Amino acid sequence: MPDNCFIRKIKNQLMGIKARTRVKEALSSKEYGKELTLKGWVRTRRGNKKIAFISLNDGSTINNIQIVADVPLFGDALLKKITTGSCISVTGELKESMGKGQNVEILAKKIELYGTADPSSYPLQKKGHTLEFLREIAHLRPRTKTFGAVLRIRHAMAYAIHKFFNDKGFYYLHTPVITGADAEGAGEMFRVTTLDISNPPMTEDNKVDYKQDFFGRETNLTVSGQLEAELGALALSEVYTFGPTFRAENSNTPRHLAEFWMIEPEMAFCDIEDNMDLAEEFLKYLLVRLLDQCGEDIEFLAGMYDEELTNRIRHVAENEFIRISYGEAVDILSGSGQKFEFPNHWGADLQSEHERFLVEKHFKKPVIITGYPKEIKAFYMKQNDDGITVRAMDVLFPRIGEIIGGSQREEDMDKLEKRIKEMNIPRDELWWYLDTRRFGTAPHSGFGLGFERLMLFVTGMSNIRDVIPFPRTPNNAEF
RNA sequence: UCCUCCUUAGCUCAGUUGGUUAGAGCACCUGACUGUUAAUCAGGGGGUCCUAGGUUCAAGUCCUAGAGGGGGAGCCA
């Protein structure tokens with residue numbers, strides 16, 4: 001019977017990696033006396049003439065492992081080069097630690113220096129840095145505890161999203177990143193072109209001649225995969241997308257990115273109630289999994305940035321979401337006695353302050369609001385019989401506001417066409433979308449979850465630029 | 001895009017009613033120290049006070065414009 005170590009060796013060989021133990025594995029091992037090889041980046045080195053202590057991290061866990069090096073054995077020259085930020089390989093014996101602060105350590109027998117990091121120019125110090133400063137060195141910030149934690153959580157959430165939908169029988173649909181449609185009206189778009197923008201070909205009536213462009217037409221980066229996801233749902237029944245999304249809005253807020261990731265499930269034979277059920281189950285699933293799998297990282301972020309983080313996650317995971325109509329929300333707001341900067345009235349969209357009041361003060365739970373006036377929502381949303389509201393739903397979370405926006409879709413060809421006309425949407429560009437209503441239409445629903453909004457909630461970070469590795473915002477596309 | 005606050009050493013910041021040579025902590029460099037825990041102790045080097053104008057005998061400090069950043073708002077996910 002092969003032991004775990006043997007299996008790991010085989011796995012590592014398959015991956016083309018020489019046998020190496022990850023820091024996470026070493027820290028939880030009790031095989032004292034065993035010789036291990038660890039590789040990683042140095043967080044700090046301290047000590048005296050006789051003995052040196054090196055904190056090593058390889059990103060497998062938030063915790064560092066302590067390497068103990070006998071100074072005479074390795075020599076001053078080598079140890080002096082092992083500074084914060086340098087990369088080393090250490091082979092040594094796993095030991096119970098004599099010192100406080102860690103259970104195990106590695107007594108080094110061999111140290112190989114892969115890469116030095118000049119201490120006078122390496123920007124990361126062992127002291128804490130502000131998040132604003134770290135944004136300027138986004139190429140190095142994954143080496144900090146905070147961003148290590150955030151990126152591990154980001155991975156865990158992305159994986160959990162795929163697992164949730166896969167286990168429910170959804171198919172992952174790859175919708176296009178480059179789109180020819182500018183119909184959804186979800187926001188300003190980034191143009192995609194290979195034309196020489198300083199000297200584009202012109203038509204006779206002095207307009208840019210996109211017929212000569214790469215695709216023979218105007219194209220943009222997608223603002224949503226929803227319309228294409230509907231095509232998938234009306235064939236495979238349940239699909240979801242999970243991909244990059246682009247908005248060229250000049251939004252300068254801690255909640256907006258020009259490039260972000262969105263998850264959009266779309267389900268045939270599904271009404272607005274089923275849609276809300278799925279959204280709630282989905283979010284709770286992710287939170288439970290998060291607490292189960294990312295405990296140490298969450299604990300660190302809670303201690304560092306947000307004392308209430310764990311409680312808030314648990315509270316949302318364990319409580320029913322409140323479900324109210326737009327009309328009820330308006331009544332609660334006007335009857336609340338609360339003074340708002342922008343007083344609300346029926347027909348106007350809810351302001352951030354209104355959403356926060358409902359979620360954080362009035363209900364103290366996530367709230368799902370449905371039945372918005374059709375005037376303030378998109379053309380594709382299913383119209384209610386009252387003729388004035390649509391089956392939209394917004395899921396509002398504490399701290400971050402709208403985390404999900406969705407709806408039951410209008411499957412009736414006549415109603416949909418009428419709405420397209422009323423809202424002046426170019427019908428010709430949507431012939432393929434309308435075809436699904438011509439041929440075998442079906443009731444269906446879906447929603448969009450902003451991945452980074454979810455990340456804000458689960459990490460306790462307060463700026464969306466700190467939950468994506470390389471944020472793109474107005475005036476910033478470095479790295 | 002609007003409102004508001006900020007920008008001084010590598011980092012985080014102090015700098016009085018405008019007044020000599022702009023400071024601190026950490027980091028860095030040198031040295032000391034036999035098990036450290038963001039090690040400790042002693043010493044040292046380090047400045048385009050965001051940029052450009054202006055007011056003044058004198059500007060880090062006051063005024064104007066611009067750039068960058070934070071927070072709030074709008075748009076939204």
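Each chain gets a letter, A, B and so on, in the order the sequences are listed, and its residues count up from 1. Note that the structure is predicted; figures quoted are calculated from it, not measured.
- No more than 12 heavy atoms of other residues, nucleotides or ligands shown are found within 6.0 angstrom of OH on Y171(A).
- Look at the C1' atom in both G43(B) and U56(B): the space between them is 42 Å, to the nearest Å.
- Scored by the side-chain contact (heavy atoms from CB on, under 4.5 Å) test, K361(A) finds Q338(A), F357(A) as partners (sequence neighbours excluded).
- A straight line from CG of L134(A) to P of G10(B) spans 17 Å, rounded to a whole angstrom.
- Annotation: of the two residues near RNA chain B, D394(A) and N475(A), the 5′-most nearest-nucleotide partner is N475(A).
- With C1' as the reference atom, C62(B) and C41(B) are 45 Å apart, rounded to whole Å.
- Comparing atom distances between the Q66(A) side chain and each of C33(B), G35(B), G74(B) picks out G35(B) as nearest.
- Secondary-structure stems of RNA chain B, taken as three or more successive Watson-Crick or G-U wobble pairs (i with j, i+1 with j-1) under a 3.5 Å distance threshold, comprise B:1-7 with B:67-73, B:10-13 with B:23-26, B:28-32 with B:40-44, B:50-54 with B:62-66.
- Atom CZ of R46(A) is separated from atom P of C28(B) by 13 Å (rounded to the nearest Å).
- As rounded to whole Å, 12 Å separates atom P of A73(B) from atom NE2 of H354(A).
- Comparing C76(B), G35(B), U36(B) by their nearest atom to the side chain of E105(A) picks out G35(B).
- Listed candidates were U36(B), C75(B), C28(B). Nearest to the side chain of E249(A) is C75(B).
- C3(B) and C50(B): their C1' atoms are spaced 22 Å apart (whole Å).
- The nearest whole Å value for the distance from the CZ atom in R45(A) to the P atom in U36(B) is 17 Å.
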Side-chain donor/acceptor pairs under 3.5 Å, residues 148-165 of chain A, sequence neighbours excluded:
| residue | atom | partner | partner atom | Å |
| --- | --- | --- | --- | --- |
| R152(A) | NE | D297(A) | OD1 | 3.4 |
| R152(A) | NE | D297(A) | OD2 | 3.0 |
| R152(A) | NH1 | G59(A) | O | 2.8 |
| R152(A) | NH2 | D297(A) | OD1 | 3.0 |
| R154(A) | NH1 | E452(A) | OE2 | 3.0 |
| R154(A) | NH1 | V467(A) | O | 2.9 |
| R154(A) | NH2 | E452(A) | OE2 | 2.9 |
| H162(A) | ND1 | Y240(A) | OH | 2.6 |
| K163(A) | NZ | D167(A) | OD2 | 2.9 |

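- Nucleotide U12(B) holds its P atom 12 Å from the CZ atom of R135(A), rounded to whole Å.
- A donor and an acceptor atom never sit less than 3.5 Å apart when one is taken from the side chain of E341(A) and the other from the base of G72(B).
- Closest to the side chain of H129(A), from the set G70(B), C11(B), G35(B), is C11(B).
- With C28(B), A73(B), G70(B) as the candidates, the nucleotide lying closest to the side chain of Q351(A) is A73(B).
- Distances were taken from every side-chain heavy atom of M98(A) (C-beta onward) to each of C29(B), G35(B), A73(B); the shortest belongs to G35(B).
- Of the candidate nucleotides G70(B), G74(B), U1(B), U1(B) has the atom nearest to the side chain of N250(A).
- Taking only side-chain atoms of P254(A), from C-beta outward, the nucleotide of G10(B), G71(B), G35(B) with the closest atom is G71(B).
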request  = Apply side-chain hydrogen bond (donor to acceptor under 3.5 Å, both in side chains) to S89(A) and E112(A), showing your working.
outcome  = CA-CA 5 Å; S89(A) 169; E112(A) 188 183 346; 4.7 Å; no
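- Residue N252(A) places its side chain closer to U1(B) than to any other of U1(B), U36(B), C29(B).
- Note on L257(A): a base of the nucleic acid sits closer than 4.0 angstrom, heavy atoms only.
- The pair E422(A)-R419(A) meets the salt-bridge criterion, with a side-chain N (NZ, NE, NH1 or NH2) lying under 4.0 Å from an Asp/Glu carboxylate O.
- Within the nucleic acid shown, F133(A) comes within 4.0 Å of sugar-phosphate atoms alone, with no base atom in reach, counting heavy atoms only.
- Look at CD on E132(A): it is 8 Å from C1' on G69(B), rounded to the nearest Å.
- The base of C75(B) is paired with the side chain of S251(A) by a donor and an acceptor separated by under 3.5 Å.
- Under the ring pair (Phe, Tyr, Trp, His ring centres under 6.0 Å) criterion, H139(A) pairs with F479(A), sequence neighbours left out.
- Scored by the salt bridge (charged side-chain N to carboxylate O under 4.0 Å, His left out) test, R191(A) finds E218(A) as partners (sequence neighbours excluded).
- Nearest nucleotide to the side chain of Q125(A), out of A73(B), G10(B), G35(B): G10(B).
- Among residues at least two apart or in separate chains, salt bridge (charged side-chain N to carboxylate O under 4.0 Å, His left out) pairs with a member in residues 49-60 of chain A are R20(A)-D58(A).
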